[in-house]
Each structure stands twice: as structure tokens, then as C-alpha cells.
Amino acid sequence: MQCPPGSLDLPANPQGDPGSIARFPLAANFQGPLMSATRAPHPAQRLRDVRYEIRGELSRRAHQIEALGRAVVRLNIGNPGLFGFDTPAHLREAVARGLPASEAYCHQQGLPEAREAVAEQQVERGAPGAHPERIFIGNGVSELIDIALRGLLDPGDEVLLPAPDYPLWSAATVLNGGTAVYYPCLASNGFVPSVEHLEALITPRTRALVVINPNNPTGAVYPLATIRALADLATRHRLVLMSDEIYDGVLYDDARFEPIAVHAPDALCLSFGGLSKVHRACGYRAGWLSVSGSLAGAQPYLHALDLLAALRLCANVGAQWAIAAALRGPDTISPLTAPGGRLHETRRAVIAACAGNPLMDLVTPQGALYAFPGVDPARCPDFDDHAFALDLLEREAVLLVPGSSFNVPYRNHLRVTLLPDAVVMAEVFARIARTLSRYAAIEPARRHVA
Ligand code: PLP
């Protein structure tokens, strides 16, 4: 069976069973006469526990379905450019103007113009000690997450991560020899962590506390009291505070974003932001990391960050010209999240669909680009998020991400991105409802008749 043209995806299994995908069948086929079994390139052991299901097995299956000519509604990735959201013109123009000056490597920490703009934003917010010298520009926040953890962790060091998390944080922790220790953010508490329970998870090996606010995948926006308590915890236990704030401007209704750096003057705080979401420029691959707060004893770690940044030479220079334009230019996200705006209306369609479905529960997302509805386990006792997602894909050509892909122990949640328009979203939830009704427990009377 052939892969779709232009794709490196794994083929379906030889029987062509659409419900399962053959795992790594290529090694056997590609072993030439000179390649012994021991020299076959097997993946590194440290990848064993690394997962990124947002682009995993289900997404590969979606490619196969598309290759057969069926359109799939892809709700698995928060990629605004795929849903008709343009990068604002003033960012494009800034890149175009800067392109002739983008042909050399720049400083490993990034263009001075970009770092100054990020420092300015952080200082305006009140982040103590934010400075262009302590800003690192990266190829997206993704690269900086890896650098920040790689510079910090020794084997066995522990990182406190929210559950659910954005799975790159778990992956980068494990890849860099660390151990992920999850603090629960429960639906019953609006997916906001209970900080008093978090303290018990801290051990002598704990090195960092990761906060994702506004949150992917839940859409939670943490209240001031929680932010202060998290900052206080990191300060008391001398943990590096890593705050992923890539959705800082994507807020609905009265939600307010609280930058944690402001409340952590005596902790070493790394705040992450970027162009991908608020500025709808995922493909530019431009993000930043701002170091603020207490620098006492932090110089060796800052040197490690600088060394790791230097090893990859620099971030994509062309895209960095858009950073100052984005941070100093007009607010282009609020019109999308305010009533009547496209993101607001889609979120409204999701809220309405979940409210109208007795099998589903939704904690209303207050920020970011996702909803994380749950399925009532009492009404759907046999529900399994992964099996359901595959079923939905096969039956209804809708691709979403099972909640367990975000490192939670339960299997009754689903993540959808809010990026399609409201009409498409209403149709998507109609398809979800149709598939879900098959999972609803058959009432005892009917079961008897059957
Ligand atoms: N952090 C979170 C919480 C995200 O949701 C994402 C992407 O979806 C990233 C980081 C990665 O962003 P970037 O495009 O800047 O690499």
C-alpha cells in the first residue's frame, strides 16, 4: 500500500484495515544486504516515552482518508493560517522591509530591535529586571522550551507540569533527562490548579514549575490569586518559574491575563511569548523568552541558555523583523475575540452545542484557541477518548485530539480548536453528537428488549 504523494506518513497495514495503522513496517523492507539487524537505525531509547499525538497516528490516518478523496475537518492543530486568518499586514510589511538585512546570522539571542521590543513589553507589564540582554529570540516558543529545559535539567531532575499540559513541555522534559511530575488542573475547579495541593509534589529534585496561562488545551485563564500563589510557591522553593504565555492576548468576555513575572520579583522567572497565536504568524517561527526576577546565582544558567542558543547560531532572522511591529503595533486580536468577532462566535457555537448535548460537559474557555469538553462517564461508561476520536474520523471525517494526549490520567475529554468559523463548528458538533449517541448507555428497558 502506498503513502499519499509527498507524505512521509506510515502506510496502513498490509490488510488495508482502515482502523489500524502498521507501526514502523519500513525497517524490515529497507534493510539492504549490507545492513545487519544490529546496525539498523532504531530510534533512541530516550524517545520511548515521548509523545506528540496532536500530529500523531490520528493525523496520519486523516492524511490517508484525504488521499482517498474525502475532505477531513482538521481541528487538531491551533494553526490560524489554515483557517483563513491572515498575519496582520504590518507584520508582513516589516518582514519585507527587513528581508535585505536578513542574510547574515544575527546574534544568538536575536536581533537587538526585536529584543528591545520584547523587553519594552515586559517592563510595561511590570516584570522586574526585564532587559534586552536577557531576552532570547527563538524559532518559535517550541525551540525555547527545549533550550530552557536542556540548560537546566540533569538526569532525574523533576519538573512540575500542569495536567493537562501542552505536550511539548512533557516531551522536552523527558528528552532532556528530566521527570515530569504533574499537578492536576481539574475540570471541577475550572481547570485552575489548587496551589495548596501542589506543594506536596515538591521534592529535593524539583527544579522548575511550569505554568501555561492562558491554557492550552483547556482555555482556562488563571485568576490573580492563583498566579500569586504559584509565584510564591516557586519563590519559597527556589524553583525556576517557566511561564508559557503564548496566548496572552487571546481572552474572552471579562477574562484578564496576569503576567506571572510581575508577581515573582524574587524568583528566577522565564516568560515565553510569540507571534504564532496572538499575531497569527505560526509559520514565521518567531518566539521569545524573557528572563526576569531574581538573578542571584543565575549567571551559570543564563550562560547555559546563551551557549545553547549559540549552538544553533540564531533564530530565523527574517521573521524577527515582525516582532517589534507586532508588539508596538495595533491590537489585532481583540476584534476577533470580542462579541461579533470570529473567535468569539465560534466559541459561542461550541458553548451552545455542548449545552445542548446531555452527554457532554464544557468548562467555558476564557482564553486561548481551544475547548476541552468532557463526556459524562455515567452516561457513556464505555467511552474511550482515543477510540472515539478514531471512530469520529472514520465515520464523520472530523479530526480532533483525545484529551489523554495532554497527559491526563482520564480518558473522557476531547480537544477542539476554535479556529473554524461558527457554521463549520456547529456542523462539527452535530457530527460529534451523532457519533457520541452510539456510546450512550442503552437504557435498561431498551437493553432488555434488544
Ligand atoms: N506553547 C503552547 C501552550 C502552545 O499551544 C504552542 C503551540 O500550539 C506552543 C507553545 C508552540 O508555539 P510556537 O509556534 O511559538 O513554537
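Note that these values count all heavy atoms, side chains included, but never hydrogens, waters or copies made by symmetry.
Across all their heavy atoms, Arg280 and Pro88 have their closest contact at NH2-CG, 3.8 Å. When all heavy atoms are compared, the tightest approach of Arg115 to Gln109 is CD-O, 3.4 Å.
By the ring-ring contact (aromatic ring centres under 6.0 Å, His included) test, Tyr439 pairs with Phe383, Phe388, sequence neighbours left out. Partners of Ala267 under the side-chain contact (heavy atoms from CB on, under 4.5 Å) rule, at least two apart in sequence or in another chain, are Thr235, Ala264. Partners of Arg256 by salt bridge (charged side-chain N to carboxylate O under 4.0 Å, His left out), not counting sequence neighbours, listed by chain and number: Glu258. Scanning for salt bridge (charged side-chain N to carboxylate O under 4.0 Å, His left out) contacts around Asp165 gives an empty result, with sequence neighbours left out. By the side-chain hydrogen bond (donor to acceptor under 3.5 Å, both in side chains) test, Asp361 pairs with no residue at all, sequence neighbours left out.
The ring-ring contact (aromatic ring centres under 6.0 Å, His included) analysis of residues 220-279, with sequence neighbours excluded, yields the pairs Trp169-Phe272, Tyr247-Tyr370.
Classification of Arg312 and Asp146 as a salt-bridged pair fails, no side-chain N sitting under 4.0 Å from a carboxylate O. For Arg236 and Asp232, the salt-bridge test passes: some basic side-chain N is under 4.0 Å from an acidic carboxylate O.
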Show your working on side chain to side chain contact (heavy atoms under 4.5 Å, CB included) between Leu230 and Leu198 and close with a plain yes or no. CA-CA 9 Å; Leu230 288 165; Leu198 226 155; 3.7 Å; yes

When you look at Ile135 and Leu289, which way does the side chain to side chain contact (heavy atoms under 4.5 Å, CB included) test go after all the steps? CA-CA 6 Å; Ile135 306 291; Leu289 179 177; over 6 Å; no

Side chain to side chain contact (heavy atoms under 4.5 Å, CB included) between Leu270 and Tyr301, intermediate numbers included: CA-CA 12 Å; Leu270 275 55; Tyr301 177 54; 3.5 Å; yes

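A cation-pi arrangement is not found for Arg415 relative to Phe406, the charged atom failing to lie both closer than 6.0 Å to the ring centre and inside a 45° cone about the ring normal.
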